[in-house]
Number of protein chains: 2
Amino acid sequence: MLDNERLSGQNRLIDDFGAYFESIGFQPIAGRIIGLLSVSDREELSFDEIINRLKISKGSASVVLRRLVAECRVAVVESGRRHYYRLNQQNLFELLDEFERMCDSVRYLLNTTIDLKTDKESSNAKYFNQIINTIDRYKTNMATMRQAVQTI
Amino acid sequence: MLDNERLSGQNRLIDDFGAYFESIGFQPIAGRIIGLLSVSDREELSFDEIINRLKISKGSASVVLRRLVAECRVAVVESGRRHYYRLNQQNLFELLDEFERMCDSVRYLLNTTIDLKTDKESSNAKYFNQIINTIDRYKTNMATMRQAVQTI
DNA sequence: TCTTTAGTTCAATCGCGATTAAACTAAATA
DNA sequence: TATTTAGTTTAATCGCGATTGAACTAAAGA
């Protein structure tokens, strides 16, 4: 692969990371930073390298990086006056953890809804019960899978 | 349960539905309408009942309901001049479908990232490969669970 | 001590989606 | 036919998060 192919591929991918992270509630810049730290060949970049490559202001970079570090998505290494950033390799199941929290929210909403129903046999009540059962099966299943993956 | 307890419980829950749906990218009003159609004892409500109970304008209701109907989250029944709305009972795995699409996006981002790496054995490349493996196991596992649930 | 550098803070702006109000349309009713 | 009703359309507003720019701070280097 030619260097300029690689570079333009990286730039496209950085924007794709930005779009994906934006879709799950991050600032676009946060996603692009994560993208940059993911795709670049050197996997530890300075503040300056980040703002120059992404063409963003020092202000945004400072705010967004602080948030990413606080959320443990990015790790920071201080070297002299400079800060270097790299991707924090989190738990493999991070995505799944997030999804299970979502399932818990839905389960709570549906369960509370059923509690408030006068007719527990209403069409919606029965439907909600089915969803709750599916969620419960899912969680059991996932617990098993997590163990299996962890003991490889 | 007293009627006014039920009513205030419903109102709280409608706002909770609103917050949850907002967190996954819906307009707050969309979530509150879904909440209302979920918790109310009569499970089919007219346009007027919806705007009066939720205290929203005809305009918002019209726009949001059209979108919800287009997305098959809500079904509409026309009776004379009036439109009645009810929750559309979708596929039990709707939540899971959405999550699997997310997994596919992540898998694509990570896979493309690895392709662009000069060093396929870099720390991030190895980490991304692990995540891809976990996603693949997850999808296999889920396919099995779906079949199991469907054949009950 | 003076200057440079690296990053932070914060007020101002920009853009955008959500919501409303009011005018409008079309169908039902009188 | 005239009127009422149900819902739609759209221009305007509102609020808010993202981003920037510029002033500021603190530490390193001369």
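Chain identifiers are assigned alphabetically (A, B, ...) following the order of the sequence lines, protein sequences preceding nucleic acid strands; residue numbering begins at 1 within each chain. Both backbone and side-chain heavy atoms feed into the values below; hydrogens, waters and symmetry mates do not.
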Which protein N or O atoms sit under 3.5 Å from an N or O of nucleotides 18-22 of chain D?
unit_1  : atom_1 : unit_2   : atom_2 : d
dT20(D) : OP2    : Ser57(A) : N      : 3.2
dT20(D) : OP2    : Ser57(A) : OG     : 3.3
dT20(D) : OP2    : Ser60(A) : OG     : 2.7

Would you list the protein and nucleotides 27-30 of chain D atom pairs, both N or O, that sit under 3.5 Å from each other?
unit_1  : atom_1 : unit_2   : atom_2 : d
dA27(D) : N3     : Arg81(A) : NH1    : 3.2
dA28(D) : O4'    : Arg81(A) : NE     : 3.4

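Annotation: ring pair (Phe, Tyr, Trp, His ring centres under 6.0 Å) contacts of Tyr138(B) (sequence neighbours excluded): Phe99(B). Considering only residues two or more places apart in sequence or on other chains, Phe26(B) meets the ring pair (Phe, Tyr, Trp, His ring centres under 6.0 Å) condition with Phe21(B). Not counting sequence neighbours, Asn129(A) has no partner by the side-chain hydrogen bond (donor to acceptor under 3.5 Å, both in side chains) test.
The side chain of Arg66(B) places no N or O atom within less than 4.0 Å of a non-bridging phosphate oxygen (OP1 or OP2) of dG7(D).
Going from atom CG of Asn52(B) over to atom P of dG7(D) covers 11 Å, rounded to whole Å. The interatomic distance linking Tyr85(B) (OH) with dA6(D) (P) rounds to 13 Å, in whole Å. Taking atom CD of residue Glu22(B) and atom P of nucleotide dC16(D), one finds them 11 Å apart after rounding to whole Å.
A salt bridge links Lys117(B) to Glu43(A): at least one charged side-chain nitrogen sits closer than 4.0 Å to a carboxylate oxygen.
Judged by a 6.0 Å distance limit and a 45° cone about the ring axis, Arg146(B) is positioned over the six-membered ring of Phe93(B).
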Show me the donor-acceptor pairs within less than 3.5 Å that the side chains of residues 56-65 of chain A make with the rest of the protein, sequence neighbours left out.
unit_1   : atom_1 : unit_2   : atom_2 : d
Ser57(A) : OG     : Ser60(A) : N      : 3.1
Ser57(A) : OG     : Ser60(A) : OG     : 2.7

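Judged by distance alone, the side chains of Asn124(A) and Gln89(B) do bring a donor and an acceptor atom under 3.5 Å apart.
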